Novice: 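Sending over a structure as structure tokens; questions will come in a sec.
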Amino acid sequence: MKTRLLLFCLLLLGALALPERSHACSRALYVGDTINTEANEVLRVVGRSLDWATPIPTNIFVYPRGMKKQSNKDGGKLIRWTSKYGAVYAVGYNAGITEGMNEKGLVMNGLFCRNTIYNSPAQDDKPEMSLAVICAWVLDQCATTREAIDLVKNQDFKIVGATFDGGTVSTLHWGITDATGYSCILEFQDGKLNIYEGQDIPMLTNEPPYPDMLAINKYWEGVGGQNMLPGTVRSADRFTRGYFFLESVAHTNDLNTGLAICRSILNNVSVPFKYERGDKNLSQTQWRSFANLRDRQYYFEMVTDLGLYYVDLSECDLSEGASVLYFDTSKATDVVGDITKQMVKSDPFTPMYE
């Protein structure tokens, strides 16, 4: 007990020592009723908030199968692939994929993680993988989380990415979940890729590294969430609150109810819009998404908009040669419901390579 308490105190002190100006995101996996239910009937919704200090314009693209892509700009060592699966992407600045879901119900979310160091000298001569397209690389080729793990685990690439927002470097980690609920967390520390995998991994926020986050959460489980929960917008506190509520809600396969539950939990771990607390550059939640892995529906809401809308991948033409589809979220301030038919044909976005 003393050892566990000491570990928690050290981790907590480390978290409190972080600068107050932080970038945040949260990802929560809601799981429906798995008892006496056919596997393909279980509702799973991956909710995610995008939190940042300055606006990150984000639009929605749907890409069909059979598109030829590459991992970075011409002139260097590249990885090239042709997409096996169609997918919906959330694309920041119309230049880089933040997250997405493919037609097989595989979802990948990229979240800020300040401790990330992607590359080591061993990767110097490896092909370059741009952060702008790494989600597409996985979602285009993998139907399951295990396939995604097999794709990335050899780390036969080095990660590169352009700076943005006044010179910010995108230090990310990723959560991946498939339609069966099998999940993994990908984190890079000191140039080494660490993969944490398991069934229905419920929460991911930012730093500290995932094993340390679990240790902090273990302490709070001992306290008991009904007695007290940490209430700040810090990463570990959001993780703990989300984890507790995901374990404390009803489990239903009714989409409307399950979606409402997931939305309410994600609201609880979001950062209020225009949150300042003495520093106008603190992160604030800009948008939230909800990937319905069972029904292949991708929901999206800007916090400044009136409604929640969604793309139904099962109603999109994802065949080879079909058009790329585009939805401009800046023109959707009062849109609610199914936007599949409102998406327009578009050229592919131009990745913001290094």
Side-chain angles (χ1 to χ4, degrees), residues 45-50 52 55-70 73 81-110 130-141 162 164 255 259 263 285-353:
V45 179
V46 176
R48 180 263 174 79
S49 67
L50 186 286
W52 202 255
I56 299 181
T58 303
N59 293 311
I60 300 173
F61 286 79
V62 172
Y63 274 44
R65 310 174 202 112
M67 295 189 67
K68 297 184 182 301
K69 302 180 185 180
Q70 61 189 52
K73 60 187 177 182
W81 71 94
T82 300
S83 57
K84 292 171 59 179
Y85 306 111
V88 55
Y89 307 130
V91 182
Y93 301 103
N94 278 1
I97 300 172
T98 302
E99 65 171 23
M101 178 180 70
N102 70 18
E103 62 181 293
K104 294 297 183 181
L106 183 72
V107 65
M108 182 172 181
N109 312 96
S130 170
L131 291 170
V133 296
I134 190 170
C135 285
W137 180 58
V138 173
L139 295 174
D140 289 356
Q141 301 181 89
F164 70 103
L255 172 58
L259 182 61
R263 291 180 72 189
T285 297
Q286 298 186 21
W287 53 259
R288 304 179 189 92
S289 67
F290 303 89
N292 171 0
L293 308 187
R294 181 190 66 187
D295 304 312
R296 314 304 196 252
Q297 295 169 336
Y298 180 77
Y299 291 77
F300 198 85
E301 61 177 355
M302 305 291 296
V303 298
T304 53
D305 289 351
L306 297 177
L308 177 73
Y309 44 87
Y310 68 93
V311 177
D312 189 338
L313 277 183
S314 67
E315 295 297 322
C316 295
D317 182 0
L318 302 178
S319 61
E320 183 174 351
S323 298
V324 171
L325 300 177
Y326 173 73
F327 187 79
D328 185 345
T329 63
S330 70
K331 299 178 180 178
T333 56
D334 59 354
V335 172
V336 179
D338 189 350
I339 62 167
T340 309
K341 303 303 182 185
Q342 298 182 45
M343 300 192 75
V344 298
K345 296 179 180 179
S346 168
D347 292 330
F349 72 89
T350 301
M352 185 171 62
Y353 294 133

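Atom set for the values below is all heavy atoms of this structure, side chains included, hydrogens, waters and symmetry mates excluded. Remember, it's a predicted structure, so these values are computed and weren't measured experimentally. Start at 1 with the first residue, then count along the sequence.
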Novice: For residues Leu139 and Leu106, report the shortest heavy-atom separation together with the two atoms involved.
Specialist: CD2-O, 3.3 Å
Novice: Tell me if a side-chain donor or acceptor on Ser346 pairs with a main-chain N or O of Val324 at a distance below 3.5 Å.
Specialist: no
Novice: Stepwise, does the side chain to side chain contact (heavy atoms under 4.5 Å, CB included) test hold for Leu255 with Arg294?
Specialist: CA-CA 10 Å; Leu255 172 58; Arg294 181 190 66 187; 3.9 Å; yes
Novice: Answer yes or no: is there a donor N or O on one side and an acceptor on the other, between the side chain of Arg48 and the main chain of Gly110, under 3.5 Å?
Specialist: yes
Novice: Can you list the steps and then say if Phe290 with Leu308 is a side chain to side chain contact (heavy atoms under 4.5 Å, CB included)?
Specialist: CA-CA 10 Å; Phe290 303 89; Leu308 177 73; 4.2 Å; yes
Novice: Would Tyr298 and Glu99 satisfy side chain to side chain contact (heavy atoms under 4.5 Å, CB included), going step by step from the backbone distance to the final call?
Specialist: CA-CA 11 Å; Tyr298 180 77; Glu99 65 171 23; 2.4 Å; yes
Novice: For the aromatic rings, using the six-membered ring if either is Trp, is the centroid distance between Tyr309 and Phe327 under 6.0 Å?
Specialist: yes
Novice: Is there a donor-acceptor pair under 3.5 Å between the side chain of Arg296 and the backbone N or O of Lys104?
Specialist: yes
Novice: How long is the span from the CG atom in Asn94 to the CZ atom in Phe61, to the nearest 0.5 Å?
Specialist: 4.0 Å
Novice: Indicate the atoms forming the closest heavy-atom contact of Trp287 with Ala90, along with that distance.
Specialist: CH2-CB, 4.3 Å
Novice: Which atom pair, heavy atoms only, marks the closest approach of Gly105 to Leu293?
Specialist: O-CD2, 3.5 Å
Novice: Kindly give the heavy-atom pair with the smallest separation between Pro55 and Tyr93, and that separation in Å.
Specialist: O-OH, 3.6 Å
Novice: For Gly66, does its backbone N or O pair with a side-chain atom of Ser83 as donor and acceptor, under 3.5 Å?
Specialist: yes
Novice: If I compare all heavy atoms of Ala291 with all of Met101, which pair ends up nearest, and what's the gap?
Specialist: CB-SD, 3.9 Å
Novice: Please check if the side chain of Thr329 supplies one atom and the backbone of Thr58 the other of a donor-acceptor pair under 3.5 Å.
Specialist: yes
Novice: Would you indicate whether Gln342, at its atom CD, is surrounded by more than 12 heavy atoms from other residues, nucleotides or ligands within a distance under 6.0 Å?
Specialist: yes
Novice: Is it true that Gln70 and Tyr353 share a donor-acceptor pair across their side chains at a distance under 3.5 Å?
Specialist: no
Novice: Considering non-hydrogen atoms only, spot the tightest contact between Tyr310 and Gln297 and give its length.
Specialist: CE1-NE2, 3.9 Å
Novice: Okay, side chain of Glu103, backbone of Leu318: is any donor-acceptor separation there less than 3.5 Å?
Specialist: no
